[in-house]
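Please read the structure below before turning to the comments.
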Number of protein chains: 4
Amino acid sequence: MTPLNEQQLELLHIQRIEQIKKAALKVFARRGIIGTKMSMIAAEAGISQGLSYRYFKSKEELFITLIQDALEEAKNSMEQINHLSGTPIEKMRTLTKNMLEDNNKQFFMLIQQATASDEVPEQAQQLLEQFSKENPIQLLIPLFIEGQEMGQFCEGAPNKLLFCYFSIITGLMLQEAQTDENYWIHEVDLLMKVIMK
Amino acid sequence: MTPLNEQQLELLHIQRIEQIKKAALKVFARRGIIGTKMSMIAAEAGISQGLSYRYFKSKEELFITLIQDALEEAKNSMEQINHLSGTPIEKMRTLTKNMLEDNNKQFFMLIQQATASDEVPEQAQQLLEQFSKENPIQLLIPLFIEGQEMGQFCEGAPNKLLFCYFSIITGLMLQEAQTDENYWIHEVDLLMKVIMK
Amino acid sequence: MTPLNEQQLELLHIQRIEQIKKAALKVFARRGIIGTKMSMIAAEAGISQGLSYRYFKSKEELFITLIQDALEEAKNSMEQINHLSGTPIEKMRTLTKNMLEDNNKQFFMLIQQATASDEVPEQAQQLLEQFSKENPIQLLIPLFIEGQEMGQFCEGAPNKLLFCYFSIITGLMLQEAQTDENYWIHEVDLLMKVIMK
Amino acid sequence: MTPLNEQQLELLHIQRIEQIKKAALKVFARRGIIGTKMSMIAAEAGISQGLSYRYFKSKEELFITLIQDALEEAKNSMEQINHLSGTPIEKMRTLTKNMLEDNNKQFFMLIQQATASDEVPEQAQQLLEQFSKENPIQLLIPLFIEGQEMGQFCEGAPNKLLFCYFSIITGLMLQEAQTDENYWIHEVDLLMKVIMK
DNA sequence: CATGAATGAGAGTTCATTCAT
DNA sequence: AATGAATGAACTCTCATTCAT
């Protein structure tokens, strides 16, 4: 039993946190905060019931942490789109595929669960509202205008079109969430019809 | 010696049931079956906690009853569309507006909540599966084909287009569900873009 | 609607009380005070749920009243035995048959239920204790001694024999209570073996 | 890293179950299933309200388990009587003393409570009915006949005599149940008079 | 007087969180 | 650090009692 040095302990600590967060994300995304029992997360992570509490003060804190991650991830996705190369359509297609990917889908679902429920912790509520105010979706507007000017995208107020576009994504994910399938990732072009000419 | 006659009692009975169902629908639609406490429904209906149990054996039974109503309503909407007059586009527009109306929106949300959750009562589960099998959405396919033949609707497999179309509706409702606004009902035409040429 | 005069009202009042007491006795005797719902008594009496409360302040009061009646009845049975004619054995046989009769059986069961349960109202508890102290069973002791002197009854401490005798009665009633039969009333002599030579 | 090894945990688990069953038996035997609150059992066992639910799914399951134990115990008592040595009278005397012992008395009372109540869980009902059908009391009949042939027991249909005999036991226990005394265990011979010549 | 709808306190049960080991 | 047993607040549901009609 050689004691581990500080660095190794630190590493283990981080790994544990990630392990728990990953398990929690999977369960929260599917079942929401109320529908999720701490025992489910523990089972999913393969640890004991009490252990999560060494790393997160409460179920709420764990949920809030994940919401933060999810919003950050969402923001990143939006920001990075402008660094891609290609036409507006190609960029949107890439973004769409990215969102429908498994990992991001869980983040997306988590946000959806949180947005749709009245049961989210106060602080998560605030993060969501702040996100909604910052509205990173706005970051896509220049891209949209460019697309419209190029004649690729259809006419209309860009923010409305975008809102509509994200509604499809949301709706599809909810359907898919039940089936564990990844059908629509192959039908991206159909989804994009709503914004294309 | 009964102060009220049978007819009056029967009427009051029905009114109470409707009152409770209305309150329950509102809360269930927003919060799902687990997130909803019977005390919330009672408060919403302006009655005491115990009273609901004179009219519904349990929270589950109340929920199942509402799911039944919602599915019936959905089926009716689909069936009646063919009795409308007008072009396929006009018919779809009517259906869409109908769905986005407040009352139907709540039914829609309820079904969404039930479909998305693992915690629904067995019987509700079965009703949803049966509905899914019957797939009343199929009723719209002839309309779609007609629209495509008339050149109003875009090409593509009708069932995919329909699925996509309902995903938008779902997504929009979820967004709106939080705000109690009725914004998109005014933007029906934008939503229909996805199915139109 | 000729108004009834005071006497008639008084009569109705008494009849109602008897009606409720009779129904309550039947249900209490079988199910005990906790196992009995006021709605059961109402149903048995063929009246509405609320009506009992015009005649008895509470379920407890109704129960206590019946305990009083039962104890009184028991005392009477014991007292009257000495006014009967016949040998000690004949007297005991008469008493036994009397107890096993349907109406008295219910009183007996009620007392048994009350004695055996910890849930009886305070006041009922006191009545039972007082009865136990007065011990009307003692009234039978002279009869017993007479029987022993006549060589009809077996030897032994009369109070022990009596206690044992009543235990048989109790036990039999409990068995019969389940079956609604009146079997043992025909086997009185077997029961009496315990006290006879 | 588990502080206790598996064996120790297993042992603690069994001890807890026994602790809860013992407390529950004591309370159920006195108050029946309805009259018993889970909080009473918890208090009697010196544990918190929720803990019982780690070991028994519900109050009903706990009750059923105890009924099973009680019936098993009863059956064993009957079966073992034939393995004893001695005359029929001596055997019955042993059985009687055994039944009046404290632990068995509680089992007996539990069965009595369950038989007398309409509120027992379905499964407990079935166990009781099955026991009643198997009728282990029949096991005593050969002993009885032997006793009659030896001239120790009185004449008469053995099953009637046995029923009568058990009624005394039942009745006595009910009396004693209130007092926590063990008086009659010293007066076994008096009880046996009913079956003896 | 009589009804039965309505109330609300209290019981059974679950589960987030704590704690002994 | 890790386990899982133990706690107790909070939720669903029942039923004695009250009250409008």
Side-chain angles (χ1 to χ4, degrees), chain A residues 3-4 9 12-13 16 33-34 36-42 47-62, chain B residues 1-6 8-9 12-13 15-16 33-42 46-62, chain C residues 1 3-4 9 12-13 16 33-34 36-42 47-62, chain D residues 1-6 8-9 12-13 16 33-42 46-62:
Chain A
L4 301 174
L9 282 174
L12 278 176
H13 192 84
R16 268 279 190 253
I33 185 167
I34 320 179
T36 298
K37 300 170 196 172
M38 287 302 271
S39 58
M40 292 173 177
I41 295 174
I47 59 175
S48 72
Q49 272 208 53
L51 191 52
S52 304
Y53 289 86
R54 285 209 157 269
Y55 301 92
F56 299 93
K57 221 169 52 205
S58 68
K59 178 163 121 170
E60 296 211 340
E61 188 189 284
L62 178 49
Chain B
M1 309 244 180
T2 315
L4 294 178
N5 64 36
E6 244 180 63
Q8 288 171 307
L9 282 176
L12 282 174
H13 191 82
Q15 286 176 342
R16 267 279 187 252
I33 185 166
I34 319 182
T36 297
K37 300 167 197 167
M38 285 303 271
S39 58
M40 293 172 178
I41 295 174
I47 59 176
S48 72
Q49 279 212 43
L51 190 54
S52 305
Y53 291 89
R54 277 186 76 79
Y55 300 92
F56 298 93
K57 228 171 39 212
S58 66
K59 181 164 113 167
E60 294 210 342
E61 189 189 285
L62 178 49
Chain C
M1 287 292 196
L4 301 174
L9 281 175
L12 277 176
H13 191 83
R16 268 279 189 253
I33 185 167
I34 320 179
T36 298
K37 301 170 195 172
M38 286 302 272
S39 58
M40 293 172 176
I41 296 174
I47 59 176
S48 72
Q49 272 210 51
L51 191 54
S52 304
Y53 288 87
R54 285 209 157 268
Y55 300 91
F56 298 93
K57 221 169 53 207
S58 67
K59 180 163 119 168
E60 296 211 340
E61 188 189 287
L62 177 50
Chain D
M1 309 242 179
T2 314
L4 295 177
N5 64 36
E6 242 178 67
Q8 289 172 307
L9 283 175
L12 282 175
H13 190 83
R16 267 279 187 253
I33 185 167
I34 320 181
T36 297
K37 301 169 197 168
M38 284 303 270
S39 58
M40 293 172 178
I41 295 174
I47 59 177
S48 71
Q49 278 214 42
L51 189 55
S52 304
Y53 290 90
R54 276 186 77 80
Y55 300 91
F56 298 93
K57 231 172 37 216
S58 66
K59 181 164 114 167
E60 295 210 342
E61 189 189 285
L62 178 49

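No experiment lies behind these values; they were computed from the predicted model shown.
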Atom-pair distance ([atom1] on [X]; [atom2] on [N]), nearest Å:
| X | N | atom1 | atom2 | answer |
| --- | --- | --- | --- | --- |
| B/F56 | F/dT12 | CZ | P | 16 Å |
| C/L9 | E/dC1 | CG | P | 8 Å |
| B/I41 | F/dC11 | CD1 | P | 13 Å |
| D/I33 | E/dG12 | CD1 | P | 10 Å |
| D/I47 | E/dA20 | CD1 | C1' | 17 Å |
| B/E61 | F/dC13 | CD | P | 10 Å |

Q) How would you list, by chain and number, every residue that makes a salt bridge (Lys or Arg N to Asp or Glu O under 4.0 Å) with D/E61, sequence neighbours excluded? A) D/K57
**Q.** Under 4.0 angstrom between D/Y53 side-chain N/O and E/dT13 OP1 or OP2
**A.**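 Yes, such a contact exists.
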**Q.** Short side-chain N/O contact to F/dA2 OP1/OP2 from A/R16, under 4.0 Å
**A.**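 Looking at the OP1 and OP2 atoms of F/dA2, one of them is under 4.0 Å from a side-chain N or O of A/R16.
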Q) D/L51 or B/L51: which one's nearest nucleotide on DNA chain F is closer to the 5' end? A)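 This one resolves to D/L51.
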Q) With sequence neighbours excluded, what pairs up with B/F56 under the ring-ring contact (aromatic ring centres under 6.0 Å, His included) test? A)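 Per chain and number, B/F56 pairs via ring-ring contact (aromatic ring centres under 6.0 Å, His included) with no residue.
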Results of side chain to side chain contact (heavy atoms under 4.5 Å, CB included) for [X] - residues two or more places apart only:
| X | value |
| --- | --- |
| C/I34 | C/E119, D/I34 |
| B/S52 | B/I20, B/M38, B/I47 |
| B/S48 | B/L51 |

(Q) Once you apply a heavy-atom cut-off of 4.0 Å, does D/Y55 come out as touching a base, just sugar-phosphate, or nothing? (A) sugar-phosphate
Quick test: give all pairs of protein nitrogen or oxygen and nucleotides 9-11 of chain E nitrogen or oxygen below 3.5 Å, distance rounded to 0.1 Å.
unit_1, atom_1, unit_2, atom_2, d
E/dA11, OP1, D/K37, NZ, 2.9

Q) How does DNA chain E look in dot-bracket form if you count Watson-Crick and G-U pairs under 3.5 Å, write [ ] for pairs that cross, and put | where a base pairs with another strand? A) .||||||||||||||||||||
Q) How close do C/A42 and C/Q49 get, heavy atom to heavy atom, and via which atoms? A)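 Reported closest heavy-atom pair: CB-CA, 4.0 Å.
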